[in-house]
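Accompanying notes for the structure given below.
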Amino acid sequence: MANDNLARKIDDDVYARLDAAIDATVKVNADRNDRESRFPRENLRALAEAGWTGVLNEPQFGGLGLGHLDFAEAAYRIGQADASTGLIYVMHVGAAQTINLFGNTDQKERWLKASNGGLLGTYSTSERATGGHWWYNLSEASRDGDDYRVNAEKSFTTSSGQADYYVVQTRTPGAKDQADIIFFIVDGKAEGIESRPWDALGVRANHSGAIRYSNVHVPQRDRLGAEGQGKEIIYDGVSPVYLIGLGAVWEGVARGALNAAIAHTTSFVHKDRNKSLSDYQAIRQELGAAKVLVETLRPWRNELAGKLDALWRAGKPQSEILIPLTEFKVHAAEVANKVAATALTVTGGYGYHRGPIERAYRDARAAIAMGPSNVIARDWIGKAVVGLPLELFYEGGE
């Protein structure tokens with residue numbers, strides 16, 4: 001019982017630090033960062049100081065040593081305050097987790113533990129030529145003795161130009177086919193990296209701009225996993241943590257928009273009738289429908305995150321639940337869009353002004369397009385329903 005109480009106290013303490021960082025920094029900076037398209041460096045520093053950027057890292061590498069349940073809960077709470085910071089957080093934790101799963105001790109020491117766990121990582125995967133098929137690359141690394149050279153045009157890289165390291169995928173030098181993939185940890189300060197400006201409808205602070213790697217030297221010690229292991233890393237390393245985190249952020253956006261709508265409709269009074277907006281049945285019904293949608297997400301999120309933790313502990317491939325994770329991403333994206341639209345409707349002109357509701361409405365639209373886009377993802381789910389194989393690299397299956 002004493003040990004249980006100690007564990008509970010530790011949990012309470014780490015979550016108190018998370019909530020303090022969100023309330024004091026993330027929430028305060030959200031509107032300004034959106035208006036100015038300003039990268040939320042202060043927010044990330046606050047989360048790092050609270051220990052949460054190392055949520056999945058082992059304590060020996062400066063992390064909290066927690067699981068996907070905690071990571072997804074953190075992404076959800078951050079998403080309520082600011083989608084941009086939430087997405088940066090997910091990409092960072094995802095990059096770090098890919099190193100946790102496929103990296104060696106030296107890489108964990110240099111990239112996860114270094115600077116007291118304050119280094120910011122991200123994925124750099126998608127290429128313009130293959131659009132939303134972010135897993136399919138045309139770029140191919142070349143050899144430089146025992147080391148490598150990377151030449152690639154990446155279309156969307158969250159934290160582009162801001163990250164301390166990029167987890168980059170290309171084809172293996174001399175690749176046999178499109179599924180012969182290699183991963184690297186690329187130093188953000190390496191010569192030959194050029195980022196492009198980010199100016200978008202929503203998530204304006206996450207700097208998901210294009211990035212070019214021009215003859216970038218990558219030492220052998222920063223190859224992640226083995227040559228040709230990239231397909232396994234995509235399925236079992238990159239995708240699971242990315243999908244649960246992504247869905248959790250959009251759940252947070254939905255909850256934040258709903259809370260903002262409730263706060264306004266219960267406080268704003270029509271003086272001509274002496275009624276608050278929430279006194280109107282039509283408004284309450286809209287809020288009720290939105291609440292039902294939001295409540296569908298938490299139990300599903302926790303179930304999937306718990307399964308990821310169980311697979312991780314057992315050393316089993318986390319891609320075993322790739323389709324359910326994809327379903328969660330699709331549903332969370334659609335809920336965020338529907339709830340943000342409802343919040344805009346019930347708050348009228350107030351919601352339409354620049355602010356949390358209008359920002360949630362713009363931010364949520366990114367959820368539909370982020371890979372796998374909901375259109376592509378529904379086809380994956382449909383294939384699973386009718387018993388067809390899901391093969392991302394070969395037409396018609398392997």
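Along the sequence shown, residues carry numbers from 1. Treat the numbers as computed from the prediction; the structure is a model and nothing was measured.
The heavy-atom pair separating Val90 from Val249 by the smallest distance is CG2-CG2, 3.6 Å. Annotation for Glu140 and Ala175: closest pair OE2-N, 3.7 Å, computed over non-hydrogen atoms. Shortest non-hydrogen contact noted between Arg362 and Leu201 is NH1-O, 2.7 Å. Considering every non-hydrogen atom in both Ala377 and Val330, the closest pair reads CB-CG2, 3.5 Å. Shortest non-hydrogen contact noted between Ala96 and Leu112 is CB-CD2, 3.7 Å. In terms of heavy atoms, Ser139 sits closest to Lys154 at OG-NZ, 4.1 Å.
Checked by atom type, the side-chain pair Thr157/Ser124 shows a donor-acceptor distance below 3.5 Å. One side chain, Asp180 or Thr172, offers a donor N or O that lies under 3.5 Å from an acceptor on the other.
Residues forming a ring pair (Phe, Tyr, Trp, His ring centres under 6.0 Å) with Phe328 (at least two apart in sequence, or on another chain): Trp300. Checked against side-chain hydrogen bond (donor to acceptor under 3.5 Å, both in side chains), Lys338 has no partners two or more places apart in sequence or in another chain. Partners of Arg128 by salt bridge (charged side-chain N to carboxylate O under 4.0 Å, His left out), not counting sequence neighbours: none found. For Lys329, the salt bridge (charged side-chain N to carboxylate O under 4.0 Å, His left out) criterion is met by no residue, not counting sequence neighbours.
With hydrogens and angles ignored, the 3.5 Å screen pairs no side-chain donor or acceptor of Glu73 with any backbone N or O of Asp70. Checked by atom type and distance alone, the side chain of Arg223 pairs as donor or acceptor with a backbone atom of Gly225 at under 3.5 Å. No donor-acceptor pair under 3.5 Å is formed between the side chain of Asp363 and the backbone N or O of Gly202. The backbone N or O of Gln220 lies less than 3.5 Å from a partner atom in the side chain of Asp147, making a donor-acceptor pair. In this structure, the side chain of Asn43 does not engage the main chain of Thr85 through any donor-acceptor pair within 3.5 Å. In this structure, the side chain of Gln97 does not engage the main chain of Gly237 through any donor-acceptor pair within 3.5 Å. Side-chain atoms of Glu127 come within 3.5 Å of backbone N or O of Leu138 as a donor-acceptor pair. Here the side chain of His353 pairs a donor or acceptor atom with the backbone of Gly349 at under 3.5 angstrom. Using a distance-only test at 3.5 Å, with no hydrogens or angles considered, a donor-acceptor pair links the side chain of Thr266 to the main chain of Ala263. Side-chain N or O atoms of Asn337 include one that pairs as donor or acceptor with a backbone N or O of Ala333 at under 3.5 Å.
Counting heavy-atom neighbours within 6.0 Å of Tyr280 OH, excluding the residue itself, gives a total above 12. More than 12 heavy atoms of other residues, nucleotides or ligands shown are found within 6.0 angstrom of CG on Asp177. Counting non-hydrogen atoms of neighbouring residues, nucleotides and ligands closer than 6.0 angstrom, the CZ atom of Arg149 exceeds 12 such neighbours.
Residues in residues 160-187 take part in these ring-ring contact (aromatic ring centres under 6.0 Å, His included) pairs, two or more places apart or across chains: Trp111-Tyr165, Tyr148-Phe184. Residue pairs meeting the side-chain hydrogen bond (donor to acceptor under 3.5 Å, both in side chains) criterion with at least one member in residues 340-349: none, sequence neighbours excluded. Applying the ring-ring contact (aromatic ring centres under 6.0 Å, His included) rule to pairs touching residues 189-229 yields Phe39-His207, sequence neighbours excluded. The side-chain hydrogen bond (donor to acceptor under 3.5 Å, both in side chains) contacts involving residues 283-293 comprise Lys291-Glu295, where partners must be two or more places apart or lie in separate chains. Within the structure, salt bridge (charged side-chain N to carboxylate O under 4.0 Å, His left out) contacts touching residues 96-107 (residues at least two apart or in different chains) are Asp106-Arg110, Asp106-Arg221.
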May I have the step-by-step check of salt bridge (Lys or Arg N to Asp or Glu O under 4.0 Å) for Lys383 and Glu391, ending in yes or no?
CA-CA 10 Å; Lys383 282 185 174 182; Glu391 175 47 59; over 6 Å; no
Could you go through Thr296 and His331, starting from their C-alpha distance and side-chain angles, then the distance that decides it, and tell me whether this counts as side-chain hydrogen bond (donor to acceptor under 3.5 Å, both in side chains)?
CA-CA 9 Å; Thr296 63; His331 184 55; 2.9 Å; yes
Give the intermediate values and the outcome of side-chain hydrogen bond (donor to acceptor under 3.5 Å, both in side chains) for residues Tyr76 and Arg301.
CA-CA 10 Å; Tyr76 162 72; Arg301 178 203 350 136; 5.2 Å; no
Run Asp31 and Arg359 through salt bridge (Lys or Arg N to Asp or Glu O under 4.0 Å) and show every step you take.
CA-CA 8 Å; Asp31 280 327; Arg359 174 162 50 86; 3.0 Å; yes
After noting the C-alpha distance and the side-chain angles of Val168 and Thr125, does the key distance pass the side-chain contact (heavy atoms from CB on, under 4.5 Å) rule?
CA-CA 6 Å; Val168 179; Thr125 56; over 6 Å; no
Residues Thr158, Thr122; criterion side-chain hydrogen bond (donor to acceptor under 3.5 Å, both in side chains); working and verdict
CA-CA 7 Å; Thr158 296; Thr122 194; 5.1 Å; no
Tell me, with the steps shown, if Asn29 and Glu42 meet side-chain contact (heavy atoms from CB on, under 4.5 Å).
CA-CA 8 Å; Asn29 294 330; Glu42 304 97 323; 4.0 Å; yes
Tell me, with the steps shown, if Arg171 and Gln178 meet side-chain hydrogen bond (donor to acceptor under 3.5 Å, both in side chains).
CA-CA 7 Å; Arg171 295 189 187 186; Gln178 61 271 23; 5.1 Å; no
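A salt bridge does not link Arg378 to Glu327: none of the charged nitrogens lies less than 4.0 Å from a carboxylate oxygen. Using a 4.0 Å cut-off between charged side-chain N and carboxylate O, Arg204 and Asp199 make a salt bridge.
One distance of note links CD of Gln107 with CG of Asn104; it measures 4.0 Å at 0.5 Å rounding. Between the CD atom of Gln229 and the CD1 atom of Ile181 there is a distance of 11.5 Å, given to the nearest 0.5 Å. Distance check: Asn374 CG to Ile381 CD1 gives 8.0 Å after rounding to the nearest 0.5 Å.
By the 4.5 Å side-chain criterion applied to Ile, Leu, Val, Met, Phe, Trp and Tyr, Leu277 is assigned to a cluster that also includes Phe268.
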Just list the side-chain donor-acceptor pairs under 3.5 Å for residues 305-325, sequence neighbours left out, or say none.
| unit_1 | atom_1 | unit_2 | atom_2 | d |
| --- | --- | --- | --- | --- |
| Lys307 | NZ | Glu303 | OE2 | 3.3 |
| Asp309 | OD1 | His68 | N | 2.6 |
| Asp309 | OD1 | His68 | ND1 | 2.8 |
| Asp309 | OD2 | His68 | N | 3.2 |
| Asp309 | OD2 | Leu69 | N | 3.3 |
| Gln318 | NE2 | Leu308 | O | 3.2 |
| Ser319 | OG | Asp236 | OD1 | 2.4 |

Identify each donor-acceptor pair in which a side-chain atom of residues 45-60 lies under 3.5 Å from a protein atom, sequence neighbours left out, and give them as a table.
| unit_1 | atom_1 | unit_2 | atom_2 | d |
| --- | --- | --- | --- | --- |
| Trp52 | NE1 | Val14 | O | 2.8 |
| Asn57 | OD1 | Asn100 | ND2 | 2.9 |

